[in-house]
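Numbers here simply count residues along the sequence, with the first being 1.
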Amino acid sequence: MDFVALIYHRQVFLDGQWWLPFSAQFAHFNTVHALANLAGAILLWSLFRPWIRWQEQALAMAGGMLGVALVVVWDAHCDYYAGASGALHGWATGGAVLMAIRHFRKSRMAVWIAFALLAGLAIKLLLALGLDTSPAVWGFPVYYPAHLAGAVGGLFIVLTHLLKPSWPPKGSQEG
């Protein structure tokens, strides 16, 4: 499969390939890029598996993907994008919030892990504000706004999920 065709290129997107902001999150610039994202996914899956249902983990990841898609389309300076790191930030943020809320009274360890992860993400995102995006470190450019957008997207979708009313409402009768 030609993964280059999946990469988000602004002009190609503007010419009608509307799916590129999403498909780009499955494509990578090189093997190191793909392996780094795979390692992050394995780490998150391993961390969250005992604490959070896979459906809610997938929801956090989807929120991250939506956040990334919105920022690459919105940012006129983003000419191209590829990779899953922004979506992984959504998975990490949303998963940590779910873990902290769901296990607040049940497991002190789960809450500490969740808060440590959230603190680490916050520090990383704040430090990234001043970092260079040149390919010198990883061998490909890093678009740090995608990390922040992914984190916000994961957080937003998880909070929306947690705040949604149950259906049918408790105490109602079906007739």
Side-chain angles (χ1 to χ4, degrees), residues 1-10 12-13 17 19-75 77-100 113-158:
M1 177 170 202
D2 183 17
F3 286 105
V4 173
L6 299 176
I7 293 174
Y8 173 81
H9 292 278
R10 176 165 295 285
V12 178
F13 167 75
Q17 294 188 19
W19 58 88
L20 291 179
F22 296 99
S23 67
Q25 297 179 62
F26 295 97
H28 292 81
F29 290 119
N30 58 33
T31 304
V32 171
H33 188 203
L35 290 175
N37 281 190
L38 179 61
I42 291 169
L43 180 68
L44 290 173
W45 177 255
S46 299
L47 176 67
F48 291 139
R49 189 170 47 109
W51 308 104
I52 305 167
R53 295 186 327 234
W54 71 266
Q55 297 93 332
E56 291 177 316
Q57 291 186 53
L59 183 68
M61 179 79 158
M65 291 179 74
L66 180 61
V68 171
L70 290 173
V71 80
V72 299
V73 169
W74 177 71
D75 183 359
H77 299 308
C78 181
D79 293 326
Y80 58 94
Y81 181 81
S85 59
L88 291 172
H89 279 73
W91 184 4
T93 304
V97 167
L98 270 169
M99 197 164 137
I113 291 169
F115 280 119
L117 180 56
L118 287 169
L121 283 164
I123 291 167
K124 181 201 173 291
L125 291 170
L126 287 171
L127 290 174
L129 292 175
L131 294 178
D132 184 14
T133 62
S134 72
V137 175
W138 290 95
F140 53 87
V142 176
Y143 181 61
Y144 291 109
H147 295 174
L148 179 59
V152 170
L155 177 63
F156 177 78
I157 198 106
V158 161

Distance (rounded to the nearest 0.5 Å) between Thr31 OG1 and Leu35 CG = 6.5 Å
task = To the nearest 0.5 Å, tell me how far Met99 CE sits from Leu118 CG.
result = 9.5 Å
ask   = Taking all non-hydrogen atoms of both residues, which atom of Tyr80 and which atom of His9 are closest, and how far apart?
value = CB-ND1, 3.8 Å
key: Closest contact, heavy atoms only, Gln17 versus Pro21   = O-CD, 4.5 Å
key: Gln25 side chain to Met65 backbone, donor-acceptor under 3.5 Å   = yes
Under the ring-ring contact (aromatic ring centres under 6.0 Å, His included) test, residues paired with Phe13 that sit two or more places apart = Tyr8
ask   = Are His28 and Asn37 linked by a side-chain donor-acceptor pair shorter than 3.5 Å?
value = yes
inquiry  = Could you report the tightest heavy-atom contact between Phe22 and Phe26, atom names first, then the distance?
reply    = O-CD1, 3.6 Å
inquiry  = Below 30° counts as parallel, above 60° as perpendicular, anything between as tilted: where do the rings of Phe29 and His33 land?
reply    = parallel
Full working for side-chain contact (heavy atoms from CB on, under 4.5 Å) between Leu117 and Phe48 = CA-CA 11 Å; Leu117 180 56; Phe48 291 139; 3.6 Å; yes
task = Could you check if a side-chain atom of Leu43 sits within less than 4.5 angstrom of a side-chain atom of Leu47, using non-hydrogen atoms only?
result = no
inquiry  = Using every non-hydrogen atom in the two residues, find where Leu121 and Ala92 come nearest and quote the distance to one decimal.
reply    = CD1-CB, 3.7 Å
note = Rounding to 0.5 Å, atoms CG (Leu88) and OG1 (Thr93) come to a distance of 10.5 Å
message = Are the side chains of Leu20 and Ile7 in contact, using a 4.5 Å heavy-atom criterion?
response = no
key: Backbone of Val72 reached by a side-chain donor or acceptor of Arg10 within 3.5 Å   = yes
request  = Give a yes or no on this: more than 12 heavy atoms of other residues, nucleotides or ligands lie within 6.0 Å of atom CH2 of Trp74.
outcome  = no
query = Can you name the closest pair of heavy atoms from Ala114 and Ala96 and give their distance?
reply = CB-O, 3.2 Å
message = Does any part of the side chain of Leu98, heavy atoms only, come nearer than 4.5 Å to the side chain of Trp51, both counted from C-beta?
response = no
request  = Please check if any side-chain donor atom of Trp91 sits under 3.5 Å from a side-chain acceptor atom of Gln57, or the reverse.
outcome  = yes
Listed partners of Arg53 passing salt bridge (charged side-chain N to carboxylate O under 4.0 Å, His left out), at least two apart = Glu56
message = Between His147 (side chain only) and Tyr143 (backbone N and O only), is there a donor and an acceptor less than 3.5 Å apart?
response = no
note = Here the pair of heavy atoms bringing Ala146 nearest to Val71 is CA-CG1, 4.1 Å
